[in-house]
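All remarks here apply to the structure that follows.
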Amino acid sequence: LFAGRMQYLGEDEHRKAWRVGSFCSVYSRSQSQWFHGEITNQYIDSEDQKEWLILTYDNHKTRVLQRKSPQLRATIQAGQYCVCGLTLAIMRADKCYQGSGSVQCDGCSKQIDANHPVYHCYERKNTVHQYGYDLCMSCGSKNFKKYVTTDNGDDNRPKCVCGTSLILQTAQSCYNDPRGIVCDLCSGSFGGNRVVYHCPGQKNEVHDNGFDLCIQCSEKMEKSAQNPTDYLLIPRELNSTMDTGFEW
C-alpha cells in the first residue's frame, strides 16, 4: 500500500522543515538505541556558518547535532497525511504558529494545550487549509487507521469509479509526470511529493485519462458516505457544498 520511496520523501521533507518545538528521534551511541527528542534551540556557528540543532531527550539529556546527522530521524508514520497531501509532523502545540499557545484540532475541535504534542502540517496555511491544519493525537491515530487494510481483511481505502481500491502515491509518480495530477472531483492541482489517491488501473475503458483523488476529497466522501460516481454525476458548478478550498 505504501511505497518505500514515499516514506523517504516524507523523511526528507520533515528534516528540512524542523524548527524549535519539532519532535524527532535521537540516537544515543552510548546506549545504542533511539530516543524520543525535542528540538529546543538552533543556531548558526559564526566561524563556519554551519547550522546546529540543540535537542533534549531521555529525561533532559542534551545533544547538539546538525540537521543532516544520521543520528537524527523524523518522527513520522506512513499514513499520517494532511488534507493537502503532505505528511504530518509531531510537534509541540505552542510552536506550531508564531504567537500562538494552544491549537484547535481540525478533527474533533478540541483545544490542545500549549505543551502537548499534535500532528501538524509544516506548510501551515495554503489554498487547501487557509488557517493551518492540526490533529490531536487521538484524531491522528484515526487518520492513520482509515488508510490501511484492517486485520480482518476489510479494505478502508476509497474506491475508484471502476471499482478498484485506490492506492496512496506521490502525485509526481502517478503518471511519471513532475506536474503531478488534477483531482477528478475538485479539479485541484497536486504535484511533487504531495500524496494523493491513485487508481492503479491507470487509463482504462472506464476512465481513459486515469482517476485520482486528493486527500481532502476522499475525506469529504467518507464523511458523507458517498461514492466518487455520486459526485461526478453532479455538475461542478452546482457542487459547491464540497468546500474543498479550491475555486471551481
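Values in this document were obtained by computation on a predicted structure and should not be read as measured data. Reckoned from all heavy atoms, side chains included, excluding hydrogens, waters and symmetry mates. When a residue number appears, it is its place in the shown sequence, counting from 1.
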Taking side-chain hydrogen bond (donor to acceptor under 3.5 Å, both in side chains) as the test, write out the residues that go with Gln202, two or more places apart. His198

Test: salt bridge (Lys or Arg N to Asp or Glu O under 4.0 Å). Region: residues 206-218. Which pairs qualify, not counting sequence neighbours? none

Going by the rule salt bridge (Lys or Arg N to Asp or Glu O under 4.0 Å), which residues pair with Lys203 if we only count those two or more places apart in sequence or in a different chain? none

Donor-acceptor contact below 3.5 Å, side chain Gln42 vs main chain Leu53: no

Just do the side chain to side chain contact (heavy atoms under 4.5 Å, CB included) check on Lys95 and Ser22 with the steps written out, would you? CA-CA 8 Å; Lys95 301 298 183 181; Ser22 295; over 6 Å; no

Salt bridge (Lys or Arg N to Asp or Glu O under 4.0 Å) pairs, two or more places apart, involving residues 24-43: Glu38-Arg92

Applying side-chain hydrogen bond (donor to acceptor under 3.5 Å, both in side chains), name anything that partners Tyr57, two or more places apart in sequence or on another chain. none

For residues 61-71, the salt bridge (Lys or Arg N to Asp or Glu O under 4.0 Å) pairs (sequence neighbours left out) are Glu51-Arg67, Asp58-Lys61

By side-chain hydrogen bond (donor to acceptor under 3.5 Å, both in side chains), which residues pair with Ser46, not counting sequence neighbours? none

For Leu86, what are the other residues in its hydrophobic cluster, where any two members join if their side-chain heavy atoms are less than 4.5 angstrom apart? none

Below 4.5 Å, heavy atoms only, C-beta onward: do Ile90 and Met137 meet side chain to side chain? yes

Could you see if Leu166 belongs to whatever hydrophobic cluster contains Leu185? Use Ile, Leu, Val, Met, Phe, Trp, Tyr and a side-chain cutoff under 4.5 Å. yes

Pair Cys186, Gln216 - check side chain to side chain contact (heavy atoms under 4.5 Å, CB included), show working. CA-CA 9 Å; Cys186 68; Gln216 189 171 41; over 6 Å; no

Any side-chain to backbone donor/acceptor pair from Arg194 onto Gln172? Under 3.5 Å, distance only. no

Identify, with sequence neighbours excluded, every residue that meets ring pair (Phe, Tyr, Trp, His ring centres under 6.0 Å) alongside His207. none

Apart from Ile54 itself, its cluster of hydrophobic side chains linked below 4.5 Å comprises Tyr43, Trp52, Val64

State which residues pass salt bridge (Lys or Arg N to Asp or Glu O under 4.0 Å) with Arg179; sequence neighbours excluded, sorted by chain then number. Asp177

Across all chains, not counting sequence neighbours, the side-chain hydrogen bond (donor to acceptor under 3.5 Å, both in side chains) partners of Thr164 are none

Within the structure provided, determine whether Asn126 and Tyr133 are in side-chain contact (heavy-atom separation under 4.5 Å). no

